Amino acid sequence: MLSEPRSGRLAAWGNALLAGAASPDDAALAIVGDDAVHRVAGLPGEAGPVGLTLALGRLRTLGVRGWRVALPVPGHPLGLSGPPGFNARALEAEEAVVGFGAPYGLVPQVRVAGSGPGAADVHVEVEWHCLPVREAPPADVPSLGEAERELAEALREATRVLSRLDVAASGTVAEATVDAYRARAEREREALAPGYPPRAVRVLELAQRVALLISLAYENGHGGAVSASEIAARAEALRPVERVARRAQVAAYNAYVEERERG
């Protein structure tokens with residue numbers, strides 16, 4: 001959860017494009033990010049994969065007026081609305097974007113090419129599969145206000161539990177790591193995309209902070225939780241916090257569409 005999901009970039013910049021806040025070329029560059037190339041397969045009227053700029057323009061003419069994000073995991077179909085075939089593909093990828101205004105969704109398939117030890121020897125290609133979706137409310141997505149309240153409580157609970165269990169991610173080293181991560185994120189990218197409300201940016205940044213604390217807790221070994229019961233207690237405590245962070249991420253990315261629906 002530390003890295004920005006590709007579905008988040010596509011939804012955010014796809015929405016900026018639809019709002020006229022970003023040009024097609026700028027939106028495509030932002031979506032691709034550090035990847036080598038993104039293509040879209042299965043687009044109506046196209047025999048093979050096409051580039052992002054063409055695909056987003058075509059989907060707009062087909063009626064898409066906004067993009068939502070789904071970040072499902074087993075047992076939690078977060079952001080999905082069906083049908084089962086699309087849900088299964090999205091669950092396998094653990095992410096997807098769902099069109100608003102027309103029944104189309106996109107699921108990424110990531111291919112890593114190159115085998116050299118250096119980062120320059122490896123490049124990532126992404127093929128988005130365009131599939132039919134059901135036009136229905138997405139599963140378990142909170143409002144921005146709900147997400148912000150849940151996140152504040154989740155951050156307090158995560159810190160309390162990790163401190164009690166003497167997990168490394170709850171100390172000053174973890175706080176320094178969080179601050180360094182946020183500073184790097186601010187240098188490297190714009191939060192969300194032009195046209196999003198400030199509250200959505202705030203919720204996304206807090207969700208990423210909570211997600212980082214959870215990742216640090218898992219990556220830094222067992223800390224002081226050396227017994228099986230303590231390890232199980234930590235995992236049990238972190239699971240709902242992680243769920244809250246994922247829900248908040250989706251709420252932030254979906255804020256553009258939610259405002260359009262209210263408008």
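All figures in this text were calculated on a predicted structure; none of them were measured in a lab.
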Is there a donor-acceptor contact under 3.5 Å from the side chain of [X] to the main chain of [Y]?
| X | Y | result |
| --- | --- | --- |
| E92 | R89 | no |
| R58 | P44 | yes |
| R246 | L71 | yes |
| E95 | S7 | yes |

Quick one: pull up [atom1] in [X] and [atom2] in [Y] and give me the separation to the nearest 0.5 Å.
| X | Y | atom1 | atom2 | value |
| --- | --- | --- | --- | --- |
| R65 | R260 | CZ | CZ | 5.5 Å |
| Q249 | E205 | CD | CD | 12.0 Å |
| F86 | H129 | CZ | NE2 | 11.5 Å |
| W128 | R6 | CH2 | CZ | 8.0 Å |

Is there a path of hydrophobic side-chain contacts, each under 4.5 Å between heavy atoms of I, L, V, M, F, W or Y residues, that connects [X] with [Y]?
| X | Y | value |
| --- | --- | --- |
| L131 | L62 | no |
| L206 | V241 | yes |
| V110 | I31 | yes |
| V250 | L91 | no |
| V37 | L29 | no |

What's the shortest heavy-atom distance between [X] and [Y], and which atoms?
| X | Y | value |
| --- | --- | --- |
| P83 | P132 | CD-O, 3.5 Å |
| S81 | R134 | OG-O, 2.8 Å |
| Y256 | G66 | CE2-CA, 4.3 Å |
| L80 | A70 | CD2-CB, 3.6 Å |
| A252 | A200 | CB-O, 3.5 Å |
| V40 | A55 | CG2-CB, 3.4 Å |

Would you say R39 has more than 12 foreign heavy atoms packed within less than 6.0 Å of its CZ?
-> no

So with a 6.0 Å cut-off around CD of E135, is the heavy-atom count from everything else above 12?
-> yes

Is it true that [X] and [Y] make a salt bridge, defined as a side-chain N closer than 4.0 Å to a carboxylate O?
| X | Y | result |
| --- | --- | --- |
| E153 | R156 | yes |
| D35 | R9 | yes |
| R68 | E261 | yes |

For the pair H38 and E125, evaluate side-chain contact (heavy atoms from CB on, under 4.5 Å) and give the outcome as yes or no after the intermediate values.
-> CA-CA 6 Å; H38 283 217; E125 299 180 356; over 6 Å; no

From the options L204, L10, V97, V141, select the one residue that forms a side chain to side chain contact (heavy atoms under 4.5 Å, CB included) with Y253.
-> L204

Checking V98, L144, V69 against N254 for side chain to side chain contact (heavy atoms under 4.5 Å, CB included), the one that qualifies is V69

I would like to know whether F100 and V64 meet side-chain contact (heavy atoms from CB on, under 4.5 Å); could you show each step before the answer?
-> CA-CA 6 Å; F100 166 68; V64 172; 6.0 Å; no

Start with the C-alpha distance between Q109 and R111, add both sets of side-chain angles, then the distance that settles side-chain contact (heavy atoms from CB on, under 4.5 Å), and finish with yes or no.
-> CA-CA 7 Å; Q109 181 179 4; R111 299 186 181 94; 3.7 Å; yes

Only distances under 3.5 Å count here; give the side-chain donor-acceptor pairs of residues 15-26 to other protein atoms, sequence neighbours excluded, each with its distance to 0.1 Å.
| from | atom 1 | to | atom 2 | distance (Å) |
| --- | --- | --- | --- | --- |
| N15 | OD1 | W67 | N | 2.7 |
| N15 | ND2 | A11 | O | 3.0 |
| N15 | ND2 | W67 | O | 3.1 |
| N15 | ND2 | Y196 | OH | 2.9 |
| S23 | OG | D26 | N | 3.1 |
| S23 | OG | D26 | OD2 | 3.2 |

Dump the intermediate steps for side-chain contact (heavy atoms from CB on, under 4.5 Å) on L54 and E46, then the final yes or no.
-> CA-CA 10 Å; L54 173 60; E46 296 292 338; 4.1 Å; yes

Are H76 and R247 close enough that a side-chain donor and a side-chain acceptor fall under 3.5 Å?
-> no

